[in-house]
Engineer: 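Submitted below is the structure of interest, expressed as structure tokens.
Below, all heavy atoms of this structure are taken into account, side chains as well, without hydrogens, waters or symmetry copies. A note on names: the letters A, B, ... follow the listed sequences, proteins ahead of strands, and every chain is numbered from 1.
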2 protein chains.
Amino acid sequence: MTEDPMSEPASRTSARRTTIYDLAALAGTSASAVSAVLNGTWKKRRISARLAEKILHLAAEQGYSVNLQASVLRREKSNIIGMIMPKYDNRYFGAIAEEFEIRARARGLFPVITCTRRDPDLEFEAAREMVSYQAEHIVATGATDPDRIADFCRAAGVASINLDLPGAAAPSVVSDNFGGSRDLARLMLNRRRGPLLFIGGRPTDHNTAERIRGFRAAHAERGIDLPESAILACGYAAEKAERALAARGGPLPAGLFVNSTITLEGVVRWLRRTAPDSTTEIGAFDWDPFAALLSDVVAMVEQDVTRMLDEVFRLIDAAPDPALRIEVPTILRARP
Amino acid sequence: MTEDPMSEPASRTSARRTTIYDLAALAGTSASAVSAVLNGTWKKRRISARLAEKILHLAAEQGYSVNLQASVLRREKSNIIGMIMPKYDNRYFGAIAEEFEIRARARGLFPVITCTRRDPDLEFEAAREMVSYQAEHIVATGATDPDRIADFCRAAGVASINLDLPGAAAPSVVSDNFGGSRDLARLMLNRRRGPLLFIGGRPTDHNTAERIRGFRAAHAERGIDLPESAILACGYAAEKAERALAARGGPLPAGLFVNSTITLEGVVRWLRRTAPDSTTEIGAFDWDPFAALLSDVVAMVEQDVTRMLDEVFRLIDAAPDPALRIEVPTILRARP
DNA sequence: CATGTGTGCTCAATCGATATAGCATGATTG
DNA sequence: CAATCATGCTATATCGATTGAGCACACATG
């Protein structure tokens with residue numbers, strides 16, 4: 001096919017990549033024609049079907065693929081949608097990542113997810129980098145400092161949305177943490193005598209605050225007085241929970257309300273080690289298939305990832321008020 | 001500061017982004033000088049510290065951020081490293097994603113991970129898209145058709161590496177699936193009378209084949225004859241495992257060797273439902289913190305993600321022979 | 001005072017793709 | 001037969017950042 005034996009695609013490993021100019025030379029036509037054919041605008045640009053076919057053929061033969069860097073630069077449209085993610089180590093965030101990618105791709109967007117391990121500076125740097133790549137939307141999931149990201153994005157003209165943890169500077173989609181927590185605490189108080197012990201999370205973070213509020217509400221309904229010591233917001237990490245329980249002392253409560261699956265890892269490890277015969281029951285926020293099968297876990301609160309992402313993409317289409325906050329109901333999964 | 005009141009960054013929401021030309025005009029200098037200052041080459045390019053400071057100040061004030069699309073196009077160096085990931089729904093892949101990002105960033109690379117749900121066409125499309133974004137390396141994790149991706153990458157002059165599942169067309173980093181599997185089966189056969197039942201995975205996939213080989217080897221060592229019916233490679237999905245077990249009939253074996261945590265979900269669900277009092281013991285490939293706490297799970301094989309990624313990045317530096325295959329030992333985690 | 005050296009910048013081409021404007025043809029119409 | 005129109009293309013400017021070449025000036029040296 002090709003005259004020049006040096007230009008065979010198979011042998012060209014580290015050589016220059018094929019461009020529309022190479023294809024134009026091979027087809028004996030112009031770069032504009034090649035571009036029009038390859039990006040699908042050729043009908044509109046009145047390129048003959050004959051030439052289009054020839055170019056398409058050559059492109060396939062040469063293993064051509066667009067330089068999106070050049071394309072995006074020229075079009076001033078990247079179709080990139082970024083997501084900032086705290087961790088990949090639990091099913092909740094894993095499901096968010098997966099569903100996010102599916103939906104983004106279904107809309108012809110290129111999803112870019114990055115994991116920032118709850119580090120505010122890394123979160124911000126990641127957002128900055130996505131903006132530099134001309135991302136058109138940024139979804140900040142569980143961001144420690146969502147408003148810093150949202151303000152930066154707004155200044156750069158990039159739409160941003162908060163997910164999981166709300167912010168004031170961009171629209172937010174969050175679970176009904178209050179309701180979910182209250183329902184879980186109610187269920188546990190129906191089974192065992194309170195007060196329960198709340199463990200895990202950061203007292204400064206909105207979700208933890210809301211869940212504590214729901215936890216308190218369920219106790220208040222039953223007229224149970226809740227001492228300050230019943231709330232152990234020791235952070236999310238498993239080791240922090242183990243240390244907090246060890247430091248706590250005193251008898252175990254009838255029920256443990258655990259604020260996340262990561263915290264639950266530490267709690268269960270500690271229980272198995274220090275009180276293997278305890279009859280304490282456990283309820284936890286977020287759902288995990290194996291945790292749900294543990295004998296002492298009586299219920300888990302699943303966040304409705306599908307509905308949350310439906311809302312996220314609705315907001316992406318709508319460009320709504322930054323103060324908007326959408327609360328999605330949770331699903332209580334009790335042991336049968 | 002600014003003469004023109006219309007160019008205040010706060011009010012410029014959807015307006016054009018600030019470019020080096022805007023900054024040059026504001027600073028009364030040239031775009032080249034601005035570029036040199038902002039990308040750190042200004043000392044080499046003999047720009048005065050005074051001007052550098054002025055430009056830096058202006059850039060911060062205007063909320064400037066580079067257009068990496070333009071920068072990459074000109075530099076012909078993207079610093080993008082892509083990873084293709086089958087799923088985000090288990091700890092193994094989650095840990096790979098997280099460690100990959102940490103290492104990539106430590107090297108000044110921009111990590112882009114995408115999840116392709118074990119769909120060969122999606123895997124390929126994702127690779128193609130990353131190549132279009134001028135990614136410099138692509139790590140194909142657990143790819144269904146790694147050679148198709150590797151061939152494509154090679155033709156485009158992009159280095160690729162296989163992780164978790166090996167291929168012939170690019171260097172591969174995999175676990176010692178044979179050894180891990182044999183050790184797990186040995187441990188189970190030390191506790192209970194064989195033969196065990198192997199369940200989960202795809203018979204065509206390299207890892208499953210190797211694990212079956214290890215499983216057989218452990219039985220052979222003890223002189224246990226293994227019937228064909230002792231291998232149920234029914235796919236990874238949890239539901240497939242449940243269906244396969246239901247269809248199997250006959251008494252339960254003394255031990256179940258489960259080929260992945262996803263399969264394990266189905267196996268445990270089915271056991272709890274149909275044989276809640278069974279004394280069958282379970283061993284599984286991959287580690288999960290909650291699964292490890294289930295009463296009937298006696299051991300799990302953890303893949304050494306840290307060492308695997310060490311090897312991946314060593315290969316990225318070394319550009320080795322495509323036929324190279326590195327096997328990383330696994331870690332057997334038995335119930336204490 | 002011619003020559004050399006160092007400093008501090010600017011100019012202009014370039015990366016690859018896209019899109020606007022326009023130029024040849026040939027066919028159609030009044 | 002001139003004017004109009006449709007068809008099928010090409011030429012060229014452009015997106016924003018980078019970079020090799022080079023210019024202007026100051027100062028030193030023989």
Side-chain angles (χ1 to χ4, degrees), chain A residues 15-55 59 62-80 129 131-136 156-157, chain B residues 15-55 59 62-80 129 131-136 156-157:
Chain A
R16 255 185 68 260
R17 286 257 252 290
T18 308
T19 68
I20 52 169
Y21 298 93
D22 302 328
L23 294 180
L26 286 170
T29 181
S30 71
S32 344
V34 174
S35 172
V37 168
L38 294 176
N39 67 31
T41 57
W42 59 278
K43 281 235 153 188
K44 198 171 64 193
R45 313 267 325 264
R46 300 187 313 212
I47 306 292
S48 66
R50 222 176 69 79
L51 180 56
E53 203 165 326
K54 183 176 181 184
I55 289 172
Q62 299 291 315
Y64 171 85
S65 64
V66 230
N67 183 326
L68 280 174
Q69 240 78 45
S71 172
V72 165
L73 175 61
R74 182 62 237 259
R75 281 185 298 126
E76 312 200 318
K77 184 122 190 25
S78 72
N79 287 333
I80 293 175
E129 209 153 13
V131 166
S132 280
Y133 277 111
Q134 315 299 108
E136 285 163 14
Chain B
R16 255 186 67 258
R17 287 257 251 290
T18 308
T19 70
I20 52 169
Y21 297 94
D22 301 329
L23 294 179
L26 286 170
T29 182
S30 71
S32 347
V34 174
S35 171
V37 168
L38 294 176
N39 67 30
T41 58
W42 59 278
K43 281 232 154 191
K44 197 172 66 193
R45 294 191 54 104
R46 299 187 314 213
I47 306 292
S48 66
R50 221 177 69 78
L51 180 56
E53 204 165 327
K54 184 176 179 186
I55 289 172
Q62 299 291 315
Y64 172 84
S65 66
V66 232
N67 184 327
L68 280 175
Q69 236 75 9
S71 172
V72 165
L73 174 61
R74 180 62 236 259
R75 282 185 297 125
E76 311 200 322
K77 184 123 190 21
S78 72
N79 288 332
I80 293 176
E129 207 152 16
V131 165
S132 279
Y133 277 112
Q134 314 300 106
E136 283 164 15

Engineer: Taking atom types as modelled, is there a side-chain donor on B:Arg45 or B:Thr41 under 3.5 Å from an acceptor on the other?
Structural biologist: no

Engineer: Can you find a donor-acceptor pair, distance only, under 3.5 Å between B:Arg45 side chain and D:dG20 base?
Structural biologist: yes

Engineer: Within the structure, does a side-chain N or O atom of A:Ser71 lie under 4.0 Å from either OP1 or OP2 of C:dG16?
Structural biologist: no

Engineer: Output the single nucleotide from C:dG16, C:dT10, D:dT18 whose closest atom is nearest the side chain of B:Ser30.
Structural biologist: C:dT10

Engineer: To the nearest Å, give me how far apart CD (B:Glu76) and P (D:dA17) are.
Structural biologist: 17 Å

Engineer: What about B:Ser32: does its side chain form a donor-acceptor pair under 3.5 Å with the base of C:dC11?
Structural biologist: yes

Engineer: Please report the closest heavy-atom contact between A:Ala24 and A:Ser30, naming both atoms and the distance.
Structural biologist: CB-C, 3.6 Å

Engineer: Please report, rounded to the nearest Å, how far the P atom of D:dT18 is from the OH atom of B:Tyr21.
Structural biologist: 10 Å

Engineer: Roughly, in whole Å, what's the span from NZ in A:Lys43 to P in C:dA19?
Structural biologist: 19 Å

Engineer: Any donor-acceptor pair under 3.5 Å between the side chain of A:Arg74 and the base of D:dT14?
Structural biologist: yes

Engineer: What heavy-atom pair brings B:Tyr133 and B:Gln69 nearest, and what distance separates the two atoms?
Structural biologist: CE2-NE2, 3.8 Å

Engineer: Taking the side chain of B:Ile47 as its heavy atoms from C-beta onward, which of C:dC9, D:dC9, C:dA17 lies nearest to it?
Structural biologist: C:dC9

Engineer: CD1 of A:Ile20 to OG of A:Ser71: how many Å apart, nearest 0.5 Å?
Structural biologist: 9.5 Å

Engineer: For a quick test of reading the model: is some side-chain N or O of A:Tyr64 closer than 4.0 Å to OP1 or OP2 of C:dA17?
Structural biologist: yes

Engineer: For the CH2 atom of A:Trp42 and the OG atom of A:Ser48, what is their distance to the nearest 0.5 Å?
Structural biologist: 8.0 Å

Engineer: Using heavy atoms to find the nearest nucleotide of DNA chain D for B:Asn67 and A:Ala33 separately, return the residue whose nucleotide is more 5′.
Structural biologist: A:Ala33

Engineer: Check every atom of C:dT18, D:dA17, D:dC15 against the side chain of A:Asn39 and return the nucleotide holding the closest atom.
Structural biologist: C:dT18

Engineer: For the pair made of CG in A:Leu23 and P in C:dG16, what is the distance, rounded to whole Å?
Structural biologist: 12 Å

Engineer: For A:Val66 and B:Gln134, work out which heavy atoms get closest and say how close.
Structural biologist: O-OE1, 4.3 Å

Engineer: Check every strand shown and say whether B:Thr41 touches a base, only sugar-phosphate, or nothing at a heavy-atom separation below 4.0 Å.
Structural biologist: nothing

Engineer: How long is the line joining NZ of A:Lys44 and P of C:dT18, in whole Å?
Structural biologist: 12 Å

Engineer: Rounding to an integer number of Å, can you tell me how far A:Leu73 CG sits from D:dT18 C1'?
Structural biologist: 12 Å

Engineer: Any base atoms under 4.0 Å from B:Leu68, or only sugar-phosphate, or nothing? Heavy atoms, all strands.
Structural biologist: nothing

Engineer: Can you check whether A:Thr29 has a side-chain N or O nearer than 4.0 Å to OP1 or OP2 of D:dT10?
Structural biologist: yes

Engineer: Contact class for B:Arg46 vs. all strands (heavy atom < 4.0 Å): base, sugar-phosphate, or nothing?
Structural biologist: base

Engineer: Using a heavy-atom cut-off of under 4.0 Å over every strand shown, decide if B:Leu38 touches base, sugar-phosphate, or nothing.
Structural biologist: nothing

Engineer: Can you tell me which nucleotide in D:dG8, C:dT18, D:dG16 comes closest to the side chain of A:Ser48?
Structural biologist: D:dG8

Engineer: Side chain of A:Arg16, heavy atoms from C-beta onward: which of D:dT10, D:dT18, C:dG16 has the nearest atom to it?
Structural biologist: C:dG16

Engineer: I need the CZ-P distance between B:Arg50 and C:dT7, as an integer number of Å.
Structural biologist: 18 Å

Engineer: Which whole-number value in Å describes the distance from A:Trp42 CH2 to D:dC9 P?
Structural biologist: 10 Å

Engineer: Have a look at B:Ser35 and say if it touches a base, only the backbone sugar-phosphate, or nothing, with a 4.0 Å heavy-atom cut-off.
Structural biologist: base

